[in-house]
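Note: hydrogens, waters and symmetry copies are ignored here, and every other heavy atom, side chains too, is used.
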Amino acid sequence: MTEQSNRVFLLSLGCSKNTVDSERLMAQAEAAGVVFTESASDAETIIINTCGFIADAKEESINETLAAITEKESGRVRKIFVMGCLPELYRSELQTELPEVDGFFGTRELPAVLTAIGARYRSELHLHRSLTAPGHTSFLKISEGCSRSCSFCSIPRIRGPYISQPLDQLLREARLLQEKGVQELNIIAQDITLYGVDLYGRQMLNDLLLRLSDMEFHWIRLLYAYPLNFPLEVIETMSQRGNICNYLDLPLQHCNDRILHSMNRGITKEGELALIEAIRQKNPDIRLRTTMIAGYPGETRQEFEELLEFAATVRFDRLGCFSYCHEEFSPAFALEDSVPEEEKQSRTAELMELQEGISEEKNKRLEGREIAVCIDRIEENTAWGRTEWDAPEVDNECSLEGAGHTIAPGSFCLARIDGSSPYELFGTVLKVLE
């Protein structure tokens, strides 16, 4: 294979779990001499790691594939490979509709992708990843797949059943990330609540968290916890360990009992409220993030207003809302998609407007406080970062003036918060933290 044919452009779409998959691919390929380029125009091969979770993500994946085909037709690239979630759902259709693509690979076909680009899978590199920027923050995927049966979700079809990664293996992977300069470790899975049950016969999230905390990462963050049977000892550990962020992503999706039952969430509104109360009692400093779905099949205006009241009462620190997407590979596809698209969008906007007011009030209370901030990037004379209450890519940012301090991405600093908006903080660096 020539040097030019070893040049690959990899476009990774979708969630952080896809990012981890792409980083594993890159590490394996680079060990075989493959060079990954910053742009498609510098490569001979394009790989697109697709997302197939909701309609917008599918559309983006198709559009990027069509753009790659244009590059191939112009002679600028020779081969295109599409991998990930979309081929897992629509491989035969994609092969028929997009014959210009040289190969389609599902979510569990890493060796085959490597073979297609002239590399080979090496088991000794299983835990290795080539990190994408920024290098100071990264994700630790503690399980693969999902064994829940939420009616709106096609992830079990895409990713297969829930498989926990062995604890010792995760610790080795975390050490490798730390050696690469990672200081903020974000624990992810489709469902972190169930971690360990399939391997060890009990929930092991707290055990893992304690071991990771002992490794002295600056920050450790928990993302995507299923609310049913969440292990509350994790919240106690969070309040006791200074390097575990007082933050939990707890996707609830709805609060109305009828809809929760139809969604097959296994929990009621009363159960959700009891869990939130218990979490906040055990750790008053915690910030809770959740996601909701508006316009689920059969959702009445009254049921949506119950959701609005729920959000107004609970006052989540971070909240995202998705308009229901009628996924053909999800159980809810058998239901009538009865809420008009315009109404779905309207309800989503209404809930987000409510949350904007809550976020504005909560951020206002931070003005005048001195808070630790992780710096993600520098733009001209402004440093952009996040507090421990903000996850990468999805939460608030903090804009800081350096005030003469030398700071760089990956720095942790103490900042005074001088102003705020609903989704941003503004302040001044007081000192750089060791």
Side-chain angles (χ1 to χ4, degrees), residues 9-25 40 46-70 80-95 97-98 101 104-110 113 132 139 141 144-146 148 150-160 186 188-191 223-224 249 251 253 263 289-297 318-333 337 339 341-342 344-345 347-349 351-352 391-395:
F9 175 69
L10 172 61
L11 178 62
S12 189
L13 304 174
C15 67
S16 53
K17 295 178 281 293
N18 256 19
T19 299
V20 172
D21 293 344
S22 293
E23 291 175 345
R24 293 197 197 287
L25 167 62
I46 295 176
I47 301 175
I48 303 173
N49 191 1
T50 61
C51 179
F53 184 50
I54 59 176
D56 287 348
K58 293 176 183 177
E59 183 178 358
E60 181 185 24
S61 296
I62 291 297
N63 287 341
E64 292 294 349
T65 302
L66 293 174
I69 289 172
T70 299
I80 302 167
F81 299 108
V82 175
M83 60 180 286
C85 298
L86 207 61
E88 199 71 54
L89 294 175
Y90 302 104
R91 189 188 306 245
S92 61
E93 294 90 338
L94 291 169
Q95 289 172 334
E97 296 296 328
L98 301 172
V101 174
F104 294 94
F105 305 93
T107 57
R108 289 155 280 187
E109 298 182 76
L110 174 58
V113 179
T132 52
F139 300 94
K141 183 163 61 168
E144 297 286 350
C146 185
R148 306 283 187 184
C150 301
S151 67
F152 53 83
C153 185
S154 57
I155 293 299
R157 168 72 179 266
I158 296 172
R159 292 278 178 175
N186 299 280
I188 61 169
Q190 196 63 33
D191 172 13
L223 300 171
Y224 320 130
D249 190 319
Q253 313 303 356
M263 287 180 168
R289 176 180 177 82
T290 196
T291 51
M292 298 296 185
I293 294 175
Y296 182 81
R318 311 285 183 260
L319 183 148
C321 183
F322 295 93
S323 299
Y324 170 77
C325 184
H326 208 43
E327 290 296 309
E328 63 181 301
F329 293 102
S330 68
F333 193 70
D337 189 15
V339 181
E341 185 61 32
E342 185 177 347
K344 293 178 188 177
Q345 298 294 334
R347 292 179 186 181
T348 299
L351 180 54
M352 291 310 300
E393 302 174 2
V394 296
D395 287 329

Measure across [X] and [Y] and return the closest heavy-atom pair with its distance rounded to 0.1 Å.
X    : Y    : answer
T291 : P251 : OG1-CB, 3.3 Å
Q190 : K17  : OE1-CE, 3.1 Å
C85  : T107 : N-CG2, 3.8 Å
V82  : V101 : CG2-CG1, 3.9 Å
A55  : C325 : N-SG, 3.3 Å
P156 : R148 : CG-O, 3.4 Å

Counting only heavy atoms not in [X], do more than 12 sit closer than 6.0 Å to its [atom1] atom?
X    : atom1 : result
F322 : CZ    : no
E393 : CD    : no
E97  : CD    : no

From [atom1] ([X]) to [atom2] ([Y]), nearest 0.5 Å:
X    : Y    : atom1 : atom2 : value
I188 : F139 : CD1   : CZ    : 6.0 Å
F81  : F105 : CZ    : CZ    : 6.0 Å
I48  : L10  : CD1   : CG    : 9.5 Å
L11  : E60  : CG    : CD    : 7.5 Å
L66  : T70  : CG    : OG1   : 7.0 Å
C146 : R157 : SG    : CZ    : 15.0 Å

Task: side-chain contact (heavy atoms from CB on, under 4.5 Å) between Y224 and D191, worked out - done: CA-CA 6 Å; Y224 320 130; D191 172 13; over 6 Å; no

Can you check whether [X] reaches [Y] side chain to side chain, under 4.5 Å on heavy atoms?
X    : Y    : value
N186 : P392 : yes
N49  : L13  : no
S151 : M263 : yes
V394 : R289 : yes
I46  : T65  : no

- [ ] Just jot down the side-chain contact (heavy atoms from CB on, under 4.5 Å) partners of F333, sequence neighbours excluded, or say none.
- [x] H326, E328, S330

TODO: Identify, with sequence neighbours excluded, every residue that meets side-chain contact (heavy atoms from CB on, under 4.5 Å) alongside A294.
DONE: F304, C321, R347, T348

So, [X] side chain and [Y] main chain: donor-acceptor pair closer than 3.5 Å or not?
X    : Y    : result
K344 : Y324 : yes
R91  : F104 : yes
E327 : C153 : no
T50  : M83  : yes
Q345 : E342 : no

Open item on the list: Between the side chains of D249 and R318, is the shortest nitrogen-to-carboxylate-oxygen separation below 4.0 Å, so that they form an ion pair?
Closed with: no

TODO: List the steps, then state whether side-chain contact (heavy atoms from CB on, under 4.5 Å) holds for I47 with L25.
DONE: CA-CA 10 Å; I47 301 175; L25 167 62; 4.2 Å; yes

Task: N18 and S12 side chains, donor-acceptor separation under 3.5 Å - done: no

Open item on the list: Evaluate R159 against E88 for salt bridge (charged side-chain N to carboxylate O under 4.0 Å, His left out), listing each step before the verdict.
Closed with: CA-CA 8 Å; R159 292 278 178 175; E88 199 71 54; over 6 Å; no

